[in-house]
2 protein chains.
Amino acid sequence: MSSKYARAGVDVKKRGIEVFKESVQNLLPRAFCVVSRDPGLEGYGLVTHTDSAGSKPVQAYLHWRETGEYGWFTGLAQDVIAMNLDDIICVGAHPINFVDYIALNPTRIDKAELLKNLNLGFKECIRLLEENGVNIIFSGGETADLPDQIRTLDVSGTINGRVDLSRAISGEDVKPGDVIIGLRSGGKTRYEKRENSGIMCNGITLARLCLMHSEYQRLYPEILDAEGGRRYYGRFRFNDYLDDLGMTVGEAILSPTRIFAPVILKVLEHSGSEVTGLIHNTGGGQTKCLRIGMNIHYIKDNLPEADPIFHLIQRESGESWRAMYENYNMGVGFEIIAKAEASDDIISISESFGLEAKVIGRCERSKDGNKLTIKSRFGDFHYSQN
Amino acid sequence: MSSKYARAGVDVKKRGIEVFKESVQNLLPRAFCVVSRDPGLEGYGLVTHTDSAGSKPVQAYLHWRETGEYGWFTGLAQDVIAMNLDDIICVGAHPINFVDYIALNPTRIDKAELLKNLNLGFKECIRLLEENGVNIIFSGGETADLPDQIRTLDVSGTINGRVDLSRAISGEDVKPGDVIIGLRSGGKTRYEKRENSGIMCNGITLARLCLMHSEYQRLYPEILDAEGGRRYYGRFRFNDYLDDLGMTVGEAILSPTRIFAPVILKVLEHSGSEVTGLIHNTGGGQTKCLRIGMNIHYIKDNLPEADPIFHLIQRESGESWRAMYENYNMGVGFEIIAKAEASDDIISISESFGLEAKVIGRCERSKDGNKLTIKSRFGDFHYSQN
C-alpha cells in the first residue's frame with residue numbers, strides 16, 4: 001500500500017534517478033555524496049552538491065500572505081545551506097563555496113523584498129558558521145523569473161567541498177560492532193538562537209497538507225496543485241500555538257534545518273580515525289543509513305522519543321509509523337557511525353555544543369545487502385536497500 | 001513604457017538582485033562571472049556558476065503532451081550546459097565539473113522517462129564537447145518532487161571552472177579602439193548535427209506566448225500562470241512548418257542553445273593575449289556587453305540580419321525593436337572583444353569550426369559609465385548601464 005506521503009505526491013525512494021548513476025563519474029561510488037576528480041589538485045576530491053529547501057518555501061509564502069511580512073522567507077537560506085553543507089560533511093569534505101538558485105513567480109512575489117530577506121538569511125547563516133569554525137565563501141547565484149513554471153518560489157543551491165582522498169569517508173568502512181550515535185534535530189544548541197521543532201527539510205509536503213487548514217487552499221490556490229484530488233486537509237491556522245510544540249504549528253513546519261557541520265568537523269578533528277560513517281537524515285529519514293556500508297544490518301533500538309511535531313503529523317495524517325520513519329528524521333537529524341570505544345568522546349564533543357547525542361543502535365553483519373531494523377514502541381520495522 | 005516582455009512577466013533587467021552583490025566575495029568584481037578564491041589552490045580562481053534553461057522546458061512539455069514523445073526533453077540538457085559553460089568561458093575559465101538540478105511536478109510527468117531522456121542529453125552533450133576539446137566531469141545532481149511549486153518542470157544546473165588569475169579576463173581590459181567580433185547563434189557549425197534557429201535560452205517566455213496557439217492554454221492549463229491576464233495569443237501549432245524558419249515553429253523555439261566553448265577555448269589558446277573581453281549574449285540579449293568594461297561606449301553598426309525566428313517574434317508580439325535587442329541575442333550569441341589586428345585570426349578560427357563570425361562593431365571611450373549604440377535598419381538605439 002502506498003504511504004500517505006506517496007499519495008501526497010512525493011516519492012521518497014527517488015525512483016528513476018538510477019539512470020543518472022551510470023553517467024556520473026564518481027571516485028567513491030559508495031560514499032554518501034558524489035566525489036569528483038579535481039584535475040587541478042592531485043590527491044583531493046571535489047564534492048559538488050545540489051539540494052533545495054523542498055516545499056518549505058510554500059509554507060513561508062503562506063505566512064507572508066497572511067502577515068505581509070517578508071521576514072518569513074529569511075530562514076529558508078539556512079535550510080538550503082544546511083541541506084547542502086551537511087550532505088558533503090558526510091564524506092569528510094570541508095566546504096569551499098556556495099551559490100544559490102532562486103526560481104520564482106514574479107507575478108506573485110515582490111522579488112526585491114524576497115531577495116533582500118533571503119540575502120539577510122544567507123549572510124546570517126554564513127556568519128554563524130564562521131563563528132563556529134566553518135568557512136564558506138558566498139559566490140552569488142542566479143534568480144530566475146519563471147511565472148509559467150513556478151507557482152510561488154523554489155529555493156535551492158549548490159555547495160563545493162574538498163576532501164583529502166586518503167581521509168575521505170568512503171562508505172566502505174562501516175563494520176559490524178560499530179555503534180550508531182544519533183544527534184538530535186530538535187531543541188536548541190549553544191550556537192542557535194531559537195528552539196527547533198526538529199523537522200528539517202524533508203516530509204514538508206505531507207506536513208503542510210495534513211496540518212494547514214483547507215481554508216488556505218481556497219484563499220491562496222497557488223499553494224497547491226489540486227491534480228488527482230490533492231488537498232490541504234488540516235485543522236490548524238499557521239499561528240495556532242500548541243503547548244506540545246512550544247511554538248505555533250507554522251513555526252514548527254518552518255523551523256530552519258539544524259546545521260550539524262560545526263559539531264561534525266570538531267568530531268572529525270578529534271576522533272576522525274574512529275568514525276566509519278556519517279549520515280545526514282534527509283530524504284528517506286531514518287532509513288538514510290541504508291545508503292552507505294556494505295552488507296551492514298543497522299539496528300536502531302534506542303532511538304529517542306520523536307519530537308512533538310512528528311507525533312502531530314502522524315496523528316493528523318494517519319500515516320503509518322513504518323512510513324513515518326521513512327519520511328522523517330524522527331528527532332535524529334544526523335548519525336555518526338564509529339568504533340564503540342570512541343562513542344563517549346564523540347558524545348562529549350556534541351554535548352559541548354549543547355547538542356544532545358546518544359548511542360541509538362549498532363551495526364551487525366547482513367548476508368544480502370544493507371538492512372535496517374528499527375525497534376520502537378510503535379513496533380519493529382524492517383527496511384532494506386532498494 | 002514597459003516592453004511586451006516585461007508584461008509577459010519577465011524582467012530582463014533583473015531588478016532586485018543587486019542586494020546580493022554586497023554579500024558576494026568576488027575576486028574580479030568587473031568580470032562577466034563571479035570568481036572566488038580557492039583556498040586550496042593559490043593563484044587560481046574558482047568560478048561556480050548556476051543557470052537554468054529558462055522556460056524552454058514548458059515548450060518541451062507542450063511537445064510531449066501533443067506527441068507522447070519524451071525525446072522532446074533531451075535537448076534541454078544542452079541548453080542548461082550551454083547557459084553555464086559559455087558564461088564561465090567569458091572569464092577565461094576552463095570547466096571542471098557540472099551538476100544538474102531538476103525540479104518537477106510528479107503528478108504531471110513520468111519522472112523515470114523524463115530523467116532517461118535528460119540523461120541521454122547530458123551524455124551526448126558532454127561527449128560532443130569532449131570530441132571538441134572541452135572536458136567536463138558529470139557529477140550528478142538532484143531531482144526534486146515539488147508538486148505544489150513546479151507546474152511542470154524546471155531544469156537548471158551548476159558548473160565549476162578554474163581560471164589562472166594571471167590570465168583571467170577581468171572585464172577591465174576592454175579599450176577604446178578594440179573591435180567587437182560577433183559569433184552567430186543560428187545556422188549549423190561543423191560540430192552540430194542540426195540547423196539552429198539561433199534563439200538560445202532567453203526570451204522564451206515571450207516567444208511561447210506570442211507564437212503558440214491559445215488552444216494549448218485551454219488543453220494544458222498547467223503551461224501558464226494566467227494571473228494578471230497573461231495568456232497565449234499565438235497563431236501557430238507547435239508543428240506548423242514555416243519556409244522562412246526552415247523548421248517548425250516549435251522546433252525553432254526549442255532549438256538547443258549553441259555551445260561556443262570549443263571555439264572560444266581555441267581562440268584563447270591562439271590569440272588569448274589580444275582578447276580583452278568575452279560576452280555570452282544571454283539575459284539582456286544584445287545589451288549584455290554593458291556588463292563588462294569601464295567607461296566604454298560599444299557601437300554595433302554592422303550586426304548581421306537577425307535570424308527569421310526573431311522577425312517572427314517581433315511581428316507576432318508587436319515588441320519594439322529597441323526591446324527586441326534587449327530581450328534576444330538577435331543572431332549573435334557570443335561576442336569577442338579584441339585588438340583590431342587580431343580580428344582576422346579570430347574570425348578564421350571561428351570559421352574553421354563552421355561558425356560564422358564577423359566584426360560587428362567597435363569600442364569607443366564613454367565619459368559616464370558603459371554605453372551601447374545599436375545602429376540597425378530598424379533605427380538607432382541607445383542603452384546605458386543600469
Side-chain angles (χ1 to χ4, degrees), chain A residues 9-11 14-17 19-20 23-25 34 36-41 44 46 48 50-52 55 57-58 96-97 99 101 103 105-107 111-112 115-116 119 122-123 137-152 154 156 158 160 162 205 223-225 227-228, chain B residues 9-11 14-17 19-20 23-25 34 36-41 44 46 48 50-52 55 57-58 96-97 99 101 103 105-107 111-112 115-116 119 122-123 137-152 154 156 158 160 162 205 223-225 227-228:
Chain A
V10 178
D11 169 23
K14 301 212 157 196
R15 275 173 281 258
I17 65 159
V19 295
F20 277 109
S23 309
V24 172
Q25 296 172 261
V34 174
S36 300
R37 196 171 62 82
D38 184 338
L41 210 61
Y44 287 84
L46 186 61
T48 306
T50 292
D51 215 332
S52 81
S55 81
V58 180
I96 305 170
N97 67 336
V99 291
Y101 172 63
N105 187 337
T107 75
K111 186 161 58 169
L115 296 184
K116 199 165 78 186
N119 183 46
F122 284 120
K123 273 169 70 172
I137 296 166
F138 184 57
S139 297
E142 170 72 4
T143 305
D145 290 356
L146 299 171
D148 297 330
Q149 282 145 285
I150 311 291
R151 287 174 187 281
T152 53
D154 181 27
S156 66
T158 302
N160 283 306
R162 181 167 283 144
T205 298
I223 63 173
L224 182 83
D225 177 7
E227 182 75 8
Chain B
V10 179
D11 169 22
K14 300 210 159 200
R15 275 172 283 256
I17 65 159
V19 296
F20 278 108
S23 308
V24 173
Q25 296 172 260
V34 174
S36 300
R37 195 171 63 82
D38 184 338
L41 210 60
Y44 287 84
L46 186 61
T48 307
T50 292
D51 215 333
S52 81
S55 80
V58 181
I96 305 171
N97 67 336
V99 290
Y101 172 63
N105 187 338
T107 75
K111 186 161 58 168
L115 296 183
K116 199 165 79 184
N119 182 45
F122 285 121
K123 274 169 71 173
I137 295 167
F138 184 57
S139 297
E142 171 70 5
T143 304
D145 290 357
L146 299 171
D148 296 329
Q149 284 145 285
I150 310 290
R151 288 174 185 283
T152 53
D154 181 26
S156 67
T158 302
N160 284 305
R162 181 166 284 144
T205 298
I223 63 174
L224 182 83
D225 177 6
E227 182 75 9

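Naming: A, B, ... by sequence-line order, numbering from 1 per chain.
Here the side chain of Asp148(B) pairs a donor or acceptor atom with the backbone of Asp225(A) at under 3.5 angstrom.
Of the two parts of Ile223(B), only the backbone, made up of N, CA, C and O, holds a non-hydrogen atom closer than 4.5 Å to a non-hydrogen atom of chain A. Proximity to chain A (any heavy atom under 4.5 Å) is restricted, for Val34(B), to the side chain, taken from C-beta onward. Looking at Pro147(B), the atoms closer than 4.5 Å to chain A (heavy atoms on both sides) sit in the backbone and in the side chain alike. Within the 4.5 angstrom heavy-atom criterion, no atom of Tyr44(A) approaches chain B. If you measure heavy-atom distances from Thr107(B) to chain A, the contacts under 4.5 Å come from both the backbone and the side chain. Residue Thr205(B) touches chain A through its side chain alone, counting heavy-atom pairs closer than 4.5 Å.
For Ser139(A) and Thr48(B), the side-chain atoms include no donor-acceptor pair closer than 3.5 Å.
Taking every heavy atom of both residues into account, Ile137(B) and Gln25(A) meet most closely at CA-OE1, 3.5 Å. Contact between Asp38(A) and Arg162(B) at its shortest, heavy atoms only, is OD1-NH1, 2.7 Å.
Looking only at heavy-atom pairs under 4.5 Å with chain B, the residue among Ile150(A), Val99(A), Asn105(A), Asp154(A) that has the most is Asp154(A). Here Asn97(A) is the residue among Asn97(A), Val58(A), Leu46(A), Ile96(A) with the most heavy-atom pairs under 4.5 Å with chain B. Between chain A and the options Pro57(B), Ser55(B), Gly228(B), Ala103(B), heavy-atom pairs under 4.5 Å are most frequent for Ser55(B).
Taken to the nearest 0.5 Å, the CG atom of Asn160(A) stands 8.5 Å off from the OG1 atom of Thr158(B). Distance OG/Ser23(B) to CZ/Phe138(A): 6.0 Å, rounded to 0.5 Å. Rounded to the nearest 0.5 angstrom, Leu146(A) CG and Arg151(B) CZ are separated by 11.5 Å.
Side chains of Ser156(A) and Glu142(B) form no contact here, defined as non-hydrogen atoms less than 4.5 Å apart.
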